[in-house]
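Reviewing the structure listed below.
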Amino acid sequence: MEGKRKTGALKVLHISPEAAPFSKVGGLADVAGSLPPALRRHSADCRLLTPAWDGVLDSIRDQGLQLTRLSRKAEAVIRWRIYRATVWKCVADGLPVYLLDAPDLFGNTIYPRDLDPDTAIPFLFLSLAALDLPETALWKPEIIHCHDWATAPLPAALQWHRYFRHSRGDYRTVFTIHNLAHQGVLPLMSLEEWGIEADARHLGAMEFFGMANLMKAALVASDAITTVSPTYAGEIQTDAGGEGLAGLLRSVSFKVSGILNGIDVNYWDPESDALLPANYSAKDPAGKKICRTSLLEKAGWPDDERPIFSIVGRMVEQKGFPILIPALETLVDLGCRLFIVGSGQPEYEYACGKAAERWPDSVFVFSGYDEPLAHLAYAGGDFFLMPSRFEPCGLSQLISLRYGTIPVVRSVGGLADTVFDFGSPRGNGVVFHDYTVQALVEAVSRAITVHRDERAREELVLEGMKANYSWDRSAPIYARLYASLLQ
Ligand code: ADP
């Protein structure tokens, strides 16, 4: 991008494998669906490219949004084969969204169980389709903002692909790490088949312990790297938190920054949330009691004063299930109720299911993805439990704070940046440090003490509810980053 840019709004394309409300596995979807519209309000011409996974187009039509089919298909050649997708455009919350419709590539599961040269093809296609957008959509971004490993092939292609490297000067790239634990690692031989130059197959580029690492490629090739909280930005540069990439991240630390995620405060708003049995606010909290009663009914629990700890999230090691499961018996003995909504690793689903069978009066588990039930858990609980081993940002604690449900968290990553212990000046939750069963149990015991003290409890709830968790805090930081890349 030589010379001075013309004036006018910065043109920024976000690409993401998942984006709410179209498709969602976890927090990445929330961010991809809410950051670009927030940036538009800060005068960048942001747009989004994402796959139309199974059912997405129908649900857009059901919502009454208009879909326009672009006259030209997106195309990419991968391993001598031409892949094509119909491109649909819709405008959601003021954001122009391009949806790639190709049922052979984008079916009913977003992430493959095992990544190999074949199962990676949808993500290669998604990445390369972004470079086809000037042809398909007649709109050329100046900056392409990639989210997580599934879009990492784009910066890699601009750097090392035999054909696409000639477009390198046309774009600036930003790569956001939403979770360093998922890097997209494949056999090194895939690269030759994809048209990646041999000079990418060494240690300073995509090579990673004899394999090809897509995220590593993006970290090397992108103009800027962001991650989703300041604390996590530091943690990933330590050997303990770097998932094998700490050394590389330290070597590119000049282009790494941690920018705290926000939430869509219009969607996550207890005052207007249509999925709740009653609405409420800090000023008029009566509806929260109705939500609590509804949660108790859902779990089949009689109403009593025992505190309810909600959990909503993926049942994976990252979220702290290895310390939660051995703690369950003690937590039940302490008088806690646990309302768990989540799905993930079979061993954790099984262990939680067994706990629900053993203590039906204290443990409720829904295994699966359920948006309305998640809203009820956020609104109807007294506390929200997140004993994460690591947490890049975490959105659930932000949602629970906004819903007046006190977070009990391990102080790590974005949790350390957003939840402060109740003794401290900005206290809005209960915090523990060690990743142990004992530390978790102690934190829950302290939460129970808070629960019994009505004044202390109300103070924490109000502190949580009054804070600003919107993108308005972080959108200007992204806008400044974009501007700096084009200077
Ligand atoms: P992560 O991205 O690591 O999964 P986050 O806290 O950043 O965790 O975001 C998780 C998002 O996914 C939240 O919006 C949460 O409400 C939602 N979520 C996770 N699991 C479920 C589930 N089983 N049902 C409904 N929503 C869920």
Side-chain angles (χ1 to χ4, degrees), residues 16-35 110-111 147-150 176-182 227-229 231-232 235-236 241 243 258-270 273 275-276 295 298 310-321 338-346 348-349 352-353 364-381 384-403 405 407-410 412-419 429 469 471 474:
S16 175
E18 47 176 305
F22 312 108
S23 54
K24 176 162 162 175
V25 175
L28 167 59
D30 293 275
V31 175
S34 58
L35 170 61
I110 299 189
Y111 300 110
H147 295 274
D148 262 356
W149 69 265
T176 295
I177 303 168
H178 292 263
N179 193 334
L180 192 64
H182 305 289
T227 189
V228 289
S229 70
T231 295
Y232 192 59
E235 287 170 354
I236 58 176
E243 306 278 354
I259 306 175
L260 197 65
N261 277 342
I263 53 173
D264 179 344
V265 288
N266 294 321
Y267 180 74
W268 294 112
D269 183 0
D273 189 332
L275 295 175
L276 296 182
L295 182 152
K298 180 81 205 171
S310 293
I311 294 178
V312 178
R314 293 176 298 116
M315 288 188 179
V316 293
E317 194 254 1
Q318 174 200 334
K319 299 290 175 186
F321 283 86
L338 288 119
F339 189 89
I340 305 173
V341 181
S343 64
Q345 283 168 237
Y348 302 136
E349 287 194 22
C352 290
F364 170 87
V365 178
F366 173 83
S367 286
Y369 190 92
D370 190 317
E371 192 74 14
L373 200 59
H375 285 238
L376 189 62
Y378 285 120
F384 193 90
L385 189 55
M386 282 179 92
S388 303
R389 185 171 75 76
F390 68 95
E391 195 61 74
C393 177
L395 299 176
S396 293
Q397 82 280 14
L398 300 180
I399 300 168
S400 73
L401 283 164
R402 189 157 161 78
Y403 279 59
T405 303
V408 179
V409 308
R410 178 161 176 258
V412 66
L415 296 172
D417 293 331
T418 53
V419 182
Y469 304 107
W471 279 108
S474 297

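Both ligands and their constituent atoms are indexed starting at 1 by order of listing.
For ligand 1, the atoms closer than 4.0 angstrom to any heavy atom of G342 are 23 (N). Counting atoms of ligand 1 from 1 in the listed order, those under 4.0 Å from a heavy atom of G394 are 6 (O), 7 (O).
The CE atom of M386 lies 8.0 Å from the CG atom of L395; values are rounded to the nearest 0.5 Å.
Protein heavy atom at the shortest distance from atom 4 (O) of ligand 1 is R314 NE, 2.8 Å. For atom 19 (C) of ligand 1, the closest non-hydrogen atom of the protein is G313 CA, 3.6 Å. Protein heavy atom at the shortest distance from atom 5 (P) of ligand 1 is L395 N, 3.6 Å. Of the protein's heavy atoms, D370 N, 3.1 Å lies nearest to atom 24 (N) of ligand 1. Ranking the protein heavy atoms by distance from atom 10 (C) of ligand 1 puts G27 N, 3.6 Å first. Atom 1 (P) of ligand 1 has K319 NZ, 3.5 Å as its closest protein atom, hydrogens excluded (heavy atom only). When hydrogens are left out, the protein atom nearest atom 14 (O) of ligand 1 is K24 NZ, 2.9 Å; that is the closest non-hydrogen contact. At the top of the distance list for atom 22 (C) of ligand 1, counting protein heavy atoms only, stands Y369 CD1, 3.5 Å.
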For side chain to side chain contact (heavy atoms under 4.5 Å, CB included), just list the numbers for V312 and F366, CA-CA rounded to whole Å, side-chain angles, deciding distance to a tenth of an Å, and then say yes or no. CA-CA 10 Å; V312 178; F366 173 83; over 6 Å; no
Set out, in order, the CA-CA distance, both residues' side-chain angles and the distance that settles side-chain hydrogen bond (donor to acceptor under 3.5 Å, both in side chains) for Y267 and H375, then state yes or no. CA-CA 11 Å; Y267 180 74; H375 285 238; 3.1 Å; yes
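Residue G368 places a heavy atom less than 4.0 Å from ligand 1.
Checked by atom type and distance alone, the side chain of R389 never pairs as donor or acceptor with a backbone atom of E317 at under 3.5 Å. E243 places no side-chain N or O within donor-acceptor distance of the main-chain N or O of L180, the cut-off being under 3.5 Å.
Considering backbone and side-chain N/O of W268, none are found under 3.5 Å from N/O of ligand 1.
Contact annotation for Y378 and ligand 1: only side-chain heavy atoms (C-beta onward) come within less than 4.0 Å of the ligand. Residue-level proximity to ligand 1 for A374 is carried by the side chain, the only part with a heavy atom below 4.0 angstrom. Contacts with ligand 1 closer than 4.0 Å are made by side-chain heavy atoms of D30 only, the backbone lying farther away.
Within the 6.0 Å centre-distance limit, the rings of Y378 and W268 are counted as a close aromatic pair.
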